[in-house]
2 protein chains.
Amino acid sequence: MTSWRNHDDGKAGASSRTSGPRCGPPPARLERGRHNVVPLRDRKTPCAGCTLRARCLPGGLDGKAIPQFDALVGNQCRLRRGDVLFRAGSPFLALYAIRVGSLKTSIRAEDGREQVAGCHMIGEIIGLDGIATGSHTCNAVALEDSEACAVAFDRLEELMHAVPRLQRNVRQTLAREVSRNHGLMLLLGSMRAEERVAAYLVDLAERHRQRGCSASEFVLRMTREEIGSYLGLKLETVSRVFSRLQAEGLVQAQGRDIKLLDPPRLHRLLRGDAPPAAASDHGHPAAPIPIDSRIASV
Amino acid sequence: MTSWRNHDDGKAGASSRTSGPRCGPPPARLERGRHNVVPLRDRKTPCAGCTLRARCLPGGLDGKAIPQFDALVGNQCRLRRGDVLFRAGSPFLALYAIRVGSLKTSIRAEDGREQVAGCHMIGEIIGLDGIATGSHTCNAVALEDSEACAVAFDRLEELMHAVPRLQRNVRQTLAREVSRNHGLMLLLGSMRAEERVAAYLVDLAERHRQRGCSASEFVLRMTREEIGSYLGLKLETVSRVFSRLQAEGLVQAQGRDIKLLDPPRLHRLLRGDAPPAAASDHGHPAAPIPIDSRIASV
DNA sequence: CGTCAGGTTGATACGGGTCAACAACTGTGG
DNA sequence: CCACAGTTGTTGACCCGTATCAACCTGACG
């Protein structure tokens, strides 16, 4: 609980909507099921005063670029638990910076199977998946009451031309997503249930730590079923693993309240007392020099 | 065999013992072991004359931008089977466009476990993973004799400022990677062995089709072990699934030579006669537009 | 010839899925 | 206040799919 919490220092005014109803794309009206997504008419926190800025898209921008960026954040949207920020298939109009709360993203196969693809916390950018096709490929749903800033992408694109640093930030955000997915693939492809859950907890702990919150004591925002979906397990298995980890004194888990009692041992569980692993690049024993470096600067 | 075939109009050494409608380039039968990578000092095919251009980074560039782009492709590198194009941890200097052949990318966990993360064919761009951190996060290894164009990234970055279309192409390439990974996650997280292998075959077929090669008859470039690693299975399981699919008349598999005998049924295997699947966005019933295909493009 | 990598197939073990019962908690309405 | 239903989480019993271990085949190559 540091800075992360109160960038939301204002009261909600009303009126003065700058241009179009913008929180999410204009068509971001009540997504069925739950509550209205409420675009805050007055942006309460301009980027210049936002404590998240350093980690957000405008991170590192100089003084005069920030208001320019600020101008494309049309609205902050308020979401209640279960609200859909965007949906697979809906047109890609904006990236979203999570200002408060957390969201899950999920992808759906044709046959209806759905899988949680990501669990995103405050300060993270979501919606990137839409860049390629122009429409989103996953659903984003609030796991708790949340707020997100919608950054109009067409205008962001323009601004990127003028502000290289911004372009770099966007690209890095995309690339981080690639790299995050690598980790998830490793998890889904080769870890067993206990390792997966441990990896999940360790990851959450680290992300809390980065945000200045306790890394050893936090609240899970997803149900056992969602966690299972994310980790490629069934909910019963997730539940059992929590119980087992608790029995072994590694964690204390009461529902969604989690305490990590022995982080080092949890880490060790990951690195594998597990099987040694083989796999080779076609049988190269030692490290060949990658071609890359032989071609000096191409 | 359209355009995809003869960008390699030179003689690539001696090879050429092709038979049948094979897509890959020269069959490439070489032993393992690292070879010298031969950066071709003279680029043989400037982008302007490359038949892959439309699908490559300079796709859609206008006449005068193409030579500019061309200038940053310093070299084409020639790889023999098993050669490492770049390695996790090595500095990120360039993106690579695969001009001939195919490569796998693999990621490695701290404990040494390694997993194939991608299988990339002619016309695809690899190396994107390095953008975020400045160094690569995965290894790229040639699955057969191959050639790749190295595109210096620092200079590419500069050129992107001047050429918006190029910027868009790079971003789209990155985003496609995100979307590809979504598909893979779905596979690793929720499919059973038979579905995974079927998905893999269907994906390969589609990519061959896109390249103007036979979609029903092709050669696997990875060993059973690599395929298993990619799909989160053990090699024996992969082998068994091939045998079972063959017994059911869906495919004909002799080693790495694959014929799809009944593509429709193979597709059906994917859509799931399988369990109905539940999961919901917190109770939202409505069906968004489904994700394009189960495996975006794995 | 022998060796080795890659592939197939069988026997068996086990992890996690499946089905089911139940507890804790929430919100609703009488 | 209570009764009731719905959601979430826990736990047990059982079974299936995949991993594991092992034998063997094939083709390439020295």
Side-chain angles (χ1 to χ4, degrees), chain A residues 33-34 81-82 113 143-144 187-198 219-229 231-247 251-258 274-285, chain B residues 17 27-33 81-82 113 143-144 187-198 219-229 231-247 251-258 274-285:
Chain A
R34 292 277 169 122
R81 178 164 196 268
R113 270 182 291 197
L143 291 168
E144 59 187 311
L187 179 146
L188 290 171
S190 70
M191 292 189 188
R192 357 227 224 89
E194 211 162 70
E195 295 174 300
R196 294 183 195 204
V197 173
V219 177
L220 300 175
R221 295 302 177 181
M222 296 201 292
T223 66
R224 298 289 188 265
E225 182 172 16
E226 288 166 327
I227 295 171
S229 170
L231 300 178
L233 301 170
K234 292 300 169 188
L235 66 94
E236 295 95 328
T237 304
V238 174
S239 182
R240 273 185 246 272
V241 170
F242 275 129
S243 300
R244 207 181 315 152
L245 292 179
Q246 181 153 25
V251 309
Q252 181 181 325
Q254 288 171 356
R256 303 195 188 178
D257 294 314
I258 295 288
S280 60
D281 303 333
H282 267 291
H284 297 289
Chain B
R17 63 155 284 246
R29 183 65 285 135
L30 294 226
E31 67 283 310
R32 77 206 87 277
R81 176 164 195 267
R113 269 180 293 198
L143 291 168
E144 59 188 309
L187 180 145
L188 291 171
S190 69
M191 291 189 190
R192 308 187 288 110
E194 211 163 69
E195 295 174 298
R196 295 184 193 202
V197 173
V219 177
L220 300 175
R221 295 302 178 182
M222 296 201 292
T223 65
R224 298 289 187 265
E225 183 172 16
E226 289 166 328
I227 295 171
S229 170
L231 300 178
L233 302 169
K234 292 299 167 188
L235 67 94
E236 296 95 328
T237 304
V238 174
S239 181
R240 273 184 247 272
V241 170
F242 276 128
S243 300
R244 206 181 316 153
L245 292 179
Q246 180 152 25
V251 310
Q252 180 180 325
Q254 288 171 357
R256 303 195 188 177
D257 295 314
I258 295 288
S280 60
D281 305 334
H282 267 292
H284 296 285

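Numbers restart at 1 for each chain; the letters A, B, ... are given by sequence-line order, proteins then strands.
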Should B:Val197 and B:Leu233 count as side-chain neighbours, where that means a heavy-atom distance under 4.5 Å?
->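 Of all side-chain heavy-atom pairs linking B:Leu233 with B:Val197, at least one is under 4.5 Å.
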
Across the strands shown, which category fits [X] at heavy-atom distances under 4.0 angstrom: base, sugar-phosphate, nothing?
X	answer
B:Ser243	sugar-phosphate
A:Leu235	base
A:Gly228	nothing

Euclidean distance, [Y] [atom2] relative to [X] [atom1], rounded to 0.5 Å:
X	Y	atom1	atom2	answer
A:Glu236	A:Arg224	CD	CZ	12.0 Å
B:Gln252	B:Ile258	CD	CD1	9.0 Å
B:Ile227	B:Thr237	CD1	OG1	12.5 Å
A:Arg240	A:Lys234	CZ	NZ	13.0 Å

Has the side chain of B:Arg192 got a donor or acceptor that lies under 3.5 Å from a partner of the other kind on the base of C:dG17?
->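 When only heavy-atom distances are counted, B:Arg192 does not reach the base of C:dG17 through any donor-acceptor pair under 3.5 Å.
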
Classify the side chain of B:Arg240 and the base of C:dG10 as holding, or not holding, a donor-acceptor pair under 3.5 Å.
->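 For B:Arg240, whose side chain was compared with the base of C:dG10, there is a donor-acceptor pair (under 3.5 Å).
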
Atom-pair distance ([atom1] on [X]; [atom2] on [N]), nearest Å:
X	N	atom1	atom2	value
A:Phe242	D:dT11	CZ	P	13 Å
A:Leu143	D:dT7	CG	C1'	16 Å
A:Met191	C:dG16	CE	P	13 Å
A:Glu195	C:dG15	CD	P	12 Å
B:Leu231	D:dG17	CG	C1'	16 Å
B:Glu194	D:dG17	CD	C1'	11 Å
A:Arg81	C:dG27	CZ	P	11 Å
A:Arg224	C:dA24	CZ	P	16 Å

From the list D:dT18, D:dT20, C:dT8, which nucleotide is the closest neighbour of the side chain of B:Ser239?
->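 Out of D:dT18, D:dT20, C:dT8, the nucleotide with an atom closest to B:Ser239's side chain is C:dT8.
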
Among the candidates D:dT8, C:dG17, D:dA19, find the nucleotide nearest to the side-chain atoms of B:Lys234.
->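 Among D:dT8, C:dG17, D:dA19, the one nearest the side chain of B:Lys234 is D:dA19.
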
Are OP1 or OP2 of D:dT8 and a side-chain N or O of A:Thr223 less than 4.0 angstrom apart?
->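 No, A:Thr223 has no side-chain N/O under 4.0 Å of OP1/OP2 on D:dT8.
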
Taking the nucleotide of DNA chain D with the closest heavy atom to each, which residue, B:Arg244 or B:Glu236, is nearer the 5' end?
->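 Nearest-nucleotide comparison on DNA chain D picks B:Arg244.
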
Using the closest heavy atom to pick a nucleotide of DNA chain D for each, name whichever of A:Arg256 or B:Val238 lands nearer the 5' end.
->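 In this pair, the answer is A:Arg256.
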
